[in-house]
Amino acid sequence: MESSLFRNRFHSEAPDDQKRFLEDNELPYKAISTSDFESIKDKLVQVARSLNQPSPNADSTFYKVPFEEVPELVAGRKVYIHKGQAYVPSTQLTFLVAGQFRSKLSKALVLTYRKWMSVISEEESDRLAPIVEALSSRYLGPDYSQGKIKSEVALQDMDDLAKTSFPLCMRHLFFKLREEHHLKHGGRQQLGLFLKGVGLKLEDALAFWRSEFGQKMGVERFDKEYAYNIRHNYGKEGKRTDYTPFSCNKIILSTPGVGDHHGCPYRHFSEENLRAALGSMHLGVRIVDEILEKVRNRHYQVACSLTFEATHGSQTIGINHPNQYFEQSRKILQPKVPQELANDNTETTTAS
RNA sequence: GGCGGC
DNA sequence: GCCGCCAACATA
Ligand code: SF4
């Protein structure tokens with residue numbers, strides 16, 4: 001709650017003040033020359049446009065930094081990269097500075113910090129350490145990316161996760177796919193993006209869908225008809241957009257046709273089907289009736305929350321996104337204990 | 001699934 | 001019949 005304070009403050013600082021801040025603290029970020037700018041201007045404009053942000057003009061400032069230092073920006077394709085250097089616009093400079101604090105302060109990110117330290121030179125790290133130290137004590141703030149930034153999920157764990165942590169809509173799609181070895185377009189989209197959000201990597205996703213679809217049509221046809229779309233959803237084709245999984249709203253407002261299995265069970269199932277579905281996850285009749293009552297009042301998300309609470313024995317802040325449901329569930333079922341912390345208590349500060 | 005190309 | 005490209009948007 002306080003890092004955002006710092007971030008906002010730094011962000012609202014005038015460009016000149018930001019520049020001075022960096023100089024005062026001897027942070028190794030240098031603005032690129034105007035000639036450098038001109039030579040890659042079209043590329044920078046292209047990136048800005050892809051983020052539908054104002055195109056950089058003649059006097060906008062860009063910083064050239066090793067791309068390893070701004071993983072968020074690189075992963076999000078929010079910066080132009082050339083020869084290992086990321087060209088960070090002053091508007092995103094916050095990531096650089098805020099990142100410094102995080103990597104130094106957050107114990108959960110020790111691993112990231114080490115990686116960072118091994119990338120820059122000895123002299124630099126020696127020179128930077130005291131600075132970062134000073135800055136951190138001054139601008140102490142919470143870890144924006146608490147926990148795992150990019151948790152991954154093994155293909156083999158999918159079945160268990162589906163049973164324990166998937167919201168009913170995804171759980172339903174998942175098992176329908178397992179049983180029919182196929183899903184119509186709407187279902188592929190809804191489940192596919194959700195799984196991506198869960199942490200299933202592209203290669204595993206392809207393997208997963210191919211293993212199912214392959215049974216009913218042969219892998220050759222699968223690669224021909226469906227593989228491309230999966231890669232596209234992962235941002236690996238065409239425009240290369242890393243699509244956000246569907247929200248509850250989108251799902252509830254969708255209109256599944258005959259043969260479709262997507263949509264929100266609370267919204268689209270018949271009462272008897274919903275009752276049966278809820279019954280299949282060992283829920284008492286009492287709570288089930290309570291849930292159906294919410295459904296009658298068209299409070300689908302509330303009904304979903306009730307289901308969550310009944311199956312997890314924990315309160316929720318309301319469900320508005322399937323992946324939020326999943327994340328919440330994991331936090332409860334799998335107490336997160338970063339291994340990094342286990343073998344770390346001994347040598348947090350190696351440089352001397 | 002939709003759009004588009006041959 | 002063969003093929004490419006698109007949609008999405010919650011969080012702390
Ligand atoms: S409420 Fe949202 S998450 Fe729960 S089932 Fe309906 S769509 Fe899925």
Side-chain angles (χ1 to χ4, degrees), chain A residues 1-8 50-53 72 75-78 94-95 98-99 101-102 105-106 108-109 141-151 165-167 169-170 173 177 182-200 202 205 209 213 217 220-264 300-302 304-305 308 315-332 336 338:
Chain A
M1 304 101 202
E2 233 168 320
S3 81
S4 57
L5 192 153
F6 165 76
R7 176 172 295 195
N8 286 331
S50 82
L51 296 168
N52 33 45
Q53 279 180 4
E72 300 98 326
R77 296 176 186 290
K78 299 185 190 304
T94 318
F95 279 91
F101 304 149
R102 257 182 293 154
L105 292 178
S106 174
L109 289 180
D143 181 0
Y144 202 87
S145 60
Q146 55 134 307
K148 52 238 175 172
I149 291 181
K150 50 173 173 56
S151 64
S165 299
F166 282 19
C169 58
M170 300 305 172
L173 279 170
L177 168 58
H182 189 286
L183 278 187
K184 309 260 292 183
H185 182 265
R188 289 180 328 247
Q189 219 58 352
Q190 187 176 311
L191 180 61
L193 289 174
F194 169 77
L195 292 179
K196 175 168 65 97
V198 160
L200 188 65
L202 176 58
W209 291 97
F213 276 52
M217 62 180 140
E220 31 60 302
R221 181 173 166 187
F222 168 83
D223 305 309
K224 191 191 295 178
E225 317 254 21
Y226 305 92
Y228 176 92
N229 295 294
I230 294 178
R231 289 194 304 269
H232 186 272
N233 278 352
Y234 272 75
K236 299 305 181 190
E237 295 285 10
K239 200 198 338 176
R240 314 202 96 221
T241 302
D242 190 358
Y243 294 97
T244 305
F246 292 151
S247 66
C248 287
N249 214 359
K250 170 104 180 168
I251 294 172
I252 290 174
L253 291 177
S254 69
T255 60
V258 262
D260 279 330
H261 295 296
H262 65 265
C264 173
Y300 312 115
Q301 271 135 304
V302 178
C304 188
S305 297
F308 181 100
Q315 221 68 32
T316 75
I317 316 170
I319 301 299
N320 45 49
H321 195 295
N323 287 93
Q324 176 209 346
Y325 183 111
F326 176 79
E327 232 59 63
Q328 274 261 313
S329 172
R330 290 323 290 163
K331 192 165 293 183
I332 294 172
K336 96 172 190 60

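In what follows, every chain begins at residue 1, and chains take the letters A, B, ... in the order their sequences are listed. These figures come from a predicted structure and were not determined experimentally. Hydrogens, waters and symmetry mates are skipped; everything else that's a heavy atom, side chains included, is used.
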Specify the separation, in whole Å, of atom [atom1] of [X] and atom [atom2] of [N].
X        : N      : atom1 : atom2 : value
A:Lys250 : C:dC6  : NZ    : P     : 16 Å
A:Glu220 : C:dC3  : CD    : P     : 11 Å
A:Leu253 : C:dC9  : CG    : C1'   : 14 Å
A:Tyr234 : C:dA7  : OH    : C1'   : 16 Å
A:Gln301 : C:dA10 : CD    : C1'   : 11 Å
A:Gln190 : C:dC9  : CD    : P     : 11 Å
A:Phe246 : C:dC9  : CZ    : P     : 7 Å
A:Asp242 : C:dA10 : CG    : C1'   : 14 Å

Assign A:Asn320 to base, sugar-phosphate, or nothing according to its heavy-atom contacts below 4.0 angstrom with the strands shown.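 Answer is sugar-phosphate: A:Asn320 comes under 4.0 Å of backbone atoms only.
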Using the side-chain heavy atoms of [X], tell me which of these nucleotides is nearest: [options].
X        : options             : value
A:Asn323 : C:dA8, C:dA10, B:G1 : C:dA10
A:His232 : B:G1, C:dC6, C:dC9  : C:dC6
A:Lys224 : C:dA7, C:dC2, B:G1  : C:dC2
A:Thr244 : C:dC9, B:G1, C:dC5  : C:dC9

Gap between atom CD of A:Gln189 and atom CD1 of A:Ile251 - 0.5 Å precision: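 Those atoms lie 11.5 Å apart.
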Whether A:Asn323 side chain and A:Phe194 backbone form a donor-acceptor pair below 3.5 Å: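 Judged by distance alone, yes, a pair lies under 3.5 Å.
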Work out how far the P atom of B:G4 is from that of C:dA7, and round it to whole angstrom.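 Pairwise P distance, B:G4 against C:dA7, rounds to 15 Å.
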Do the ring planes of A:Phe213 and A:His182 sit parallel (below 30°), tilted (30 to 60°) or perpendicular (above 60°)?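 Rings of A:Phe213 and A:His182: parallel, under 30°.
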Can you list the steps and then say if A:Leu183 with A:Trp209 is a side-chain contact (heavy atoms from CB on, under 4.5 Å)? CA-CA 10 Å; A:Leu183 278 187; A:Trp209 291 97; 4.1 Å; yes
Under 4.0 Å: is that the gap between some side-chain N or O of A:Tyr228 and OP1 or OP2 of C:dC3?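 No, no such contact exists.
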Heavy-atom closest contact (A:Ile230 atom, A:Ala205 atom, distance):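 Smallest interatomic distance, heavy atoms only, reads CG2-CB, 4.4 Å.
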Is there, by distance only and without an angle test, a donor paired with an acceptor across the side chain of A:His321 and the base of C:dA8 below 3.5 Å?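 Check fails, no donor-acceptor contact within cut-off.
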With hydrogens left out and only the distance checked, is there a donor-acceptor pair under 3.5 Å joining A:Asn229's side chain and the base of C:dC6?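 In this structure, the two groups form a donor-acceptor pair.
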